[in-house]
Amino acid sequence: MALAKKPVNGMKDILPEEMQLRDYVMNVVKETYRSFGFTPIETPCMENIGNLSSKQGGENEKLIFKVLKRGEKLNLETAQTEADVVDFGMRYDLTVPLARFYANHANELPSPFKALQMGNVWRADRPQRGRYRQFMQCDIDILGEPGSLAEIELILATTTTLAKLGFTGYEIRINERRILKAMAAYSGFAEEAFDEVFITLDKMDKIGLEGVASELSEAGFDTGAIEKYLALFAGVQQAENGVAYLADTLGEYLEEEVHRNLAQIMDSVNAAKNDSFRLVFDPTLVRGMSYYTGTIFEIAMPQFGGSCGGGGRYDRMIGNFTGKDVPACGFSIGFERIILLLLESGFRIPGQAEKKAYLIEKNYPADKLASVIAQAQQERAEGKQILMARMNKNKKFQKEQLTKEGYGEFVEFFNHEGTGEKK
């Protein structure tokens, strides 16, 4: 029986053309984030299953690839629960591992600590356009900074990176989890029902205000609470300043520090930002992760028709490891979706080194090959990218494939000539 040639469903092989683009984007990301003071770190691809299933990862906890115990520790005959056979899991994001990393190394790190992580994560999700079961995440986080400076730096670093990659016309949508809760409380929903209300609200962009009203009604919520709740969103749409409108309307339900903090973030970003994006207050933005405690934000790309990244503040996660809360805020770029959009747009890597292919006839004399190698080495020393390869029988097809990889010049070495001929 022949072995399977195709990768596992939801995972993919990466061909040279895409790999070159990925390397370029990763370099742009790292260089830009370093200019904002972020420091690269790395965490293992596996974590203890207890960390991953600690009710911090929201729906992602249902998508964990779990790892069986090994050797003598694995006894399937006596196992009665999952804990008897599973001890590790593949990380589903980089935030939970970062919290563990910081809890383990806090005494060795500066405060605040600005972390940059790039690495693969795994989710047993349903594959679709721009969504895989193994995918690269690209995160920046600031740990130990309680004020709005963290959010401002994260938004500016992320949007500066996207601008360098040529993205324009997108939005950074921003909201505050405490505003979400204040709106629900003001409207008359019980606190224990907030999560159910927010799950429905999160569908606003797909089903609209009427759809949200209908779904909340079907769930048995009070009609008066629903009408009062939806009136708040209509009021934000009509208001010149949505944050100020909610601050006035919600009154004692919303702490003054919350809306002042959000207003400061928006004012500061707008004063310093480039022209490639709009910063928009969106009271319907929920973000599914249960660990968010304050500001939340999301990248809305019209080219993709959905989110291409997001993040927010998670001030209580590290405390789950240490018993003491640490202010924390992060932003993640949807790396795979960014790559997809760049490939679909025909993006060309700027300033790429000249790529030349030396195609050498198979029976080219060995005594002359040394001079060809020396010539290639000289050109490489000058900054050019030189590929040396034996000439295929189907030379035309060989050149076509190399052209797709960016080779724009070919030098052929034949036995009867002993010198290169440019083609």
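Ion pairing of R70 with D87 is present here, as a side-chain N (NZ or NE/NH1/NH2) and a carboxylate O approach within less than 4.0 Å.
Residues R313 and G147 approach most closely at NH2-O, 3.2 Å, considering heavy atoms. Taking both residues in full, the closest heavy atoms of N261 and T295 are given as ND2-OG1, 4.2 Å, listed atom of the first, atom of the second, then distance. Residues G319 and D325 come closest through the heavy atom pair CA-OD1, 3.5 Å. Considering every non-hydrogen atom in both L254 and A247, the closest pair reads CD2-CA, 4.2 Å. Between N120 and W122 the shortest heavy-atom distance is O-CZ3, 3.2 Å. Closest non-hydrogen pair, Q303 versus T168, comes out as NE2-O, 4.1 Å.
Expressed to the nearest 0.5 Å, how far CD of E227 lies from CG of L232 amounts to 12.5 Å. To the nearest 0.5 Å, atoms CD (Q237) and OH (Y245) are separated by 10.5 Å. Once rounded to the nearest 0.5 Å, the distance linking CG of D125 with CG of L63 reads 5.0 Å. Atom NZ of K273 and atom CD1 of I152 lie 14.5 Å apart (nearest 0.5 Å). Between atom CG of residue L201 and atom NZ of residue K203 there is a gap of 11.0 Å, rounded to the nearest 0.5 Å. A distance of 11.0 Å separates CD1 of I172 from CG of L285, quoted to the nearest 0.5 Å.
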What do the steps show when you test I41 against H105 for side-chain contact (heavy atoms from CB on, under 4.5 Å), and what is the final call?
CA-CA 12 Å; I41 65 166; H105 298 285; over 6 Å; no

Begin with the C-alpha distance, continue with both residues' side-chain angles, and end with the deciding distance and a verdict on side-chain contact (heavy atoms from CB on, under 4.5 Å) for I265 and I155.
CA-CA 9 Å; I265 293 168; I155 294 172; 4.2 Å; yes

Start with the C-alpha gap between I333 and M136, add the side-chain angles, then the distance that decides, and say whether side-chain contact (heavy atoms from CB on, under 4.5 Å) holds.
CA-CA 10 Å; I333 287 179; M136 175 77 71; over 6 Å; no

Please lay out, stage by stage, how E151 and F297 fare under the test side-chain contact (heavy atoms from CB on, under 4.5 Å).
CA-CA 9 Å; E151 285 90 339; F297 23 77; 3.8 Å; yes

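The backbone N or O of G312 sits nowhere less than 3.5 Å from a side-chain atom of R177 that would complete a donor-acceptor pair. The main-chain N or O of A225 is found under 3.5 Å from a side-chain atom of D222 such that the two form a donor-acceptor pair. Between the side chain of Q137 and the main chain of L94, a donor-acceptor pair closer than 3.5 Å is present. Proximity of a side-chain donor or acceptor of N175 to a complementary backbone N or O of P283 within less than 3.5 Å is detected.
Residues I49 and V67 are not in side-chain contact: their nearest non-hydrogen atoms beyond the backbone lie 4.5 Å or more apart. Side-chain contact between I174 and L262 is present, with heavy atoms from C-beta onward closer than 4.5 Å. The side-chain heavy atoms of M301 and I338, taken from C-beta on, include a pair separated by under 4.5 Å. Using a 4.5 Å cut-off on side-chain heavy atoms (C-beta onward), R22 and F335 make contact. V326 is not listed as a side-chain neighbour of D315, based on a closest heavy-atom distance of 4.5 Å or more. At least one side-chain heavy atom of E153 sits under 4.5 Å from a side-chain heavy atom of K114. Counting heavy atoms from C-beta outward, E61 and Y92 have side chains that approach closer than 4.5 Å. In this structure, L341 and C308 have side chains that are in contact, with non-hydrogen atoms separated by less than 4.5 Å.
Residues R91 and T43 have side chains that bring a donor and an acceptor to within less than 3.5 angstrom of each other. Counted by atom type alone, Q378 and K384 present zero donor-acceptor pairs between their side chains at under 3.5 Å.
Within 6.0 Å of atom CD in E255, 12 or fewer heavy atoms from other residues, nucleotides or ligands are found, so the atom counts as exposed in its surroundings. Within 6.0 Å of the CZ atom in R278, the count of heavy atoms belonging to other residues, nucleotides or ligands does not exceed 12. Crowding of E400 atom CD: a count of heavy atoms from other residues, nucleotides or ligands under 6.0 Å exceeding 12. Heavy-atom neighbours of E42 CD from other residues, nucleotides or ligands within 6.0 Å: at or below the threshold of 12. Counting heavy-atom neighbours within 6.0 Å of Q128 CD, excluding the residue itself, gives a total above 12. Around the CG atom of N27, the shell of radius 6.0 Å holds more than 12 heavy atoms that belong to other residues, nucleotides or ligands. Atom CZ of R129 is surrounded by more than 12 heavy atoms from other residues, nucleotides or ligands within 6.0 Å. Atom NZ of K228 sits in a crowded spot, with more than 12 heavy atoms from other residues, nucleotides or ligands closer than 6.0 Å.
Using a 30° and 60° split on the angle between ring planes, F113 and F101 fall in the parallel class, below 30°.
Between F189 and F194, the ring center distance fails the sub-6.0 Å criterion. Taking the six-membered ring for Trp, Y292 and Y314 have ring centres at least 6.0 Å apart.
Because its NZ or CZ atom is not both nearer than 6.0 Å to the ring centre of Y358 and within 45° of the ring axis, K356 does not count as a cation-pi partner of that residue. Cation-pi geometry between K399 and F410 is met: under 6.0 angstrom from the ring centre, within 45 degrees of the axis.
Residue S332 forms a side-chain hydrogen bond (donor to acceptor under 3.5 Å, both in side chains) with just one option from D141, T95, D139, and that option is D139. Considering V269, I299, T158 in turn, V269 is the only one that fulfils the side chain to side chain contact (heavy atoms under 4.5 Å, CB included) rule with F277.
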